[in-house]
Amino acid sequence: MHNLWIPVVAIFIVAGLVFGSQAYSEAQRDAHIAATISESLDSQTPAEISNLKRVNKGYGVCGDYAHSSVELGHFYYNSATKQLALGIDAPLYRDNCESVSE
């Protein structure tokens, strides 16, 4: 009976590591997006991002940002190319986010 607990515990540990690392990498991605938005706005204060939606099979992120210099704005970020587009008039935003924003 004791030999049964070893595989069960190992499965739970591996599952925790997999899901924990995924949540950690998403948090890092979100912090990087907020810092990149702040750099684009020439500010030291990080932007607050919200309403995140994954697009392009998870390689892109559409969302909203709030910053002291802008009340509310929209952005698109491509994780593969590290490209950021601010505003609904940006071609990258229109191409990737208009269909998912509604």
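Only this structure's heavy atoms are used, side chains among them; waters, hydrogens and symmetry mates stay out.
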Item to complete: Give the minimum heavy-atom separation between D64 and F75, together with the two atoms involved.
Response: O-CE2, 3.5 Å
Worksheet item: Taking the side chain from H74 and the backbone from D89, do they hold a donor-acceptor pair closer than 3.5 Å?
Response: no
Item to complete: State, yes or no, whether a side-chain contact exists between V61 and R29 at a heavy-atom distance under 4.5 Å.
Response: yes
Worksheet item: Listed by chain and number, what are the side-chain hydrogen bond (donor to acceptor under 3.5 Å, both in side chains) partners of D95, not counting sequence neighbours?
Response: none
Worksheet item: Which of these, N51, L41, L72, sits in a side-chain contact (heavy atoms from CB on, under 4.5 Å) with Y65?
Response: L41
Fill in: Side chain proximity check, T45 to H67, heavy atoms < 4.5 angstrom
yes
Worksheet entry | Value rounded to 0.5 Å, distance of NZ in K82 from CD1 in I33 | 9.5 Å
Worksheet, complete the sentence: Closest non-hydrogen atoms of N78 and A80, given as atom of the first, atom of the second and distance, are OD1-N, 2.8 Å
Discussion item. Show the nearest heavy-atom pair for residues C62 and Y76, with the distance to one decimal.
Written reply: SG-CD1, 3.9 Å
Worksheet item: Taking only residues at least two apart or on different chains, which pairs with a member in residues 31-61 satisfy ring pair (Phe, Tyr, Trp, His ring centres under 6.0 Å)?
Response: H32-Y77
Fill in: N56 side chain to G58 backbone, donor-acceptor under 3.5 Å
no
Practice prompt. List for me each residue that meets side-chain hydrogen bond (donor to acceptor under 3.5 Å, both in side chains) alongside T81, sequence neighbours excluded, and say none if there are none.
Written response: Q83
Worksheet entry | Rounded distance [0.5 Å steps], CG in D30 versus CD1 in I49 | 4.5 Å
Fill in: Check: S38 main-chain N/O paired with S43 side-chain donor or acceptor under 3.5 Å
no
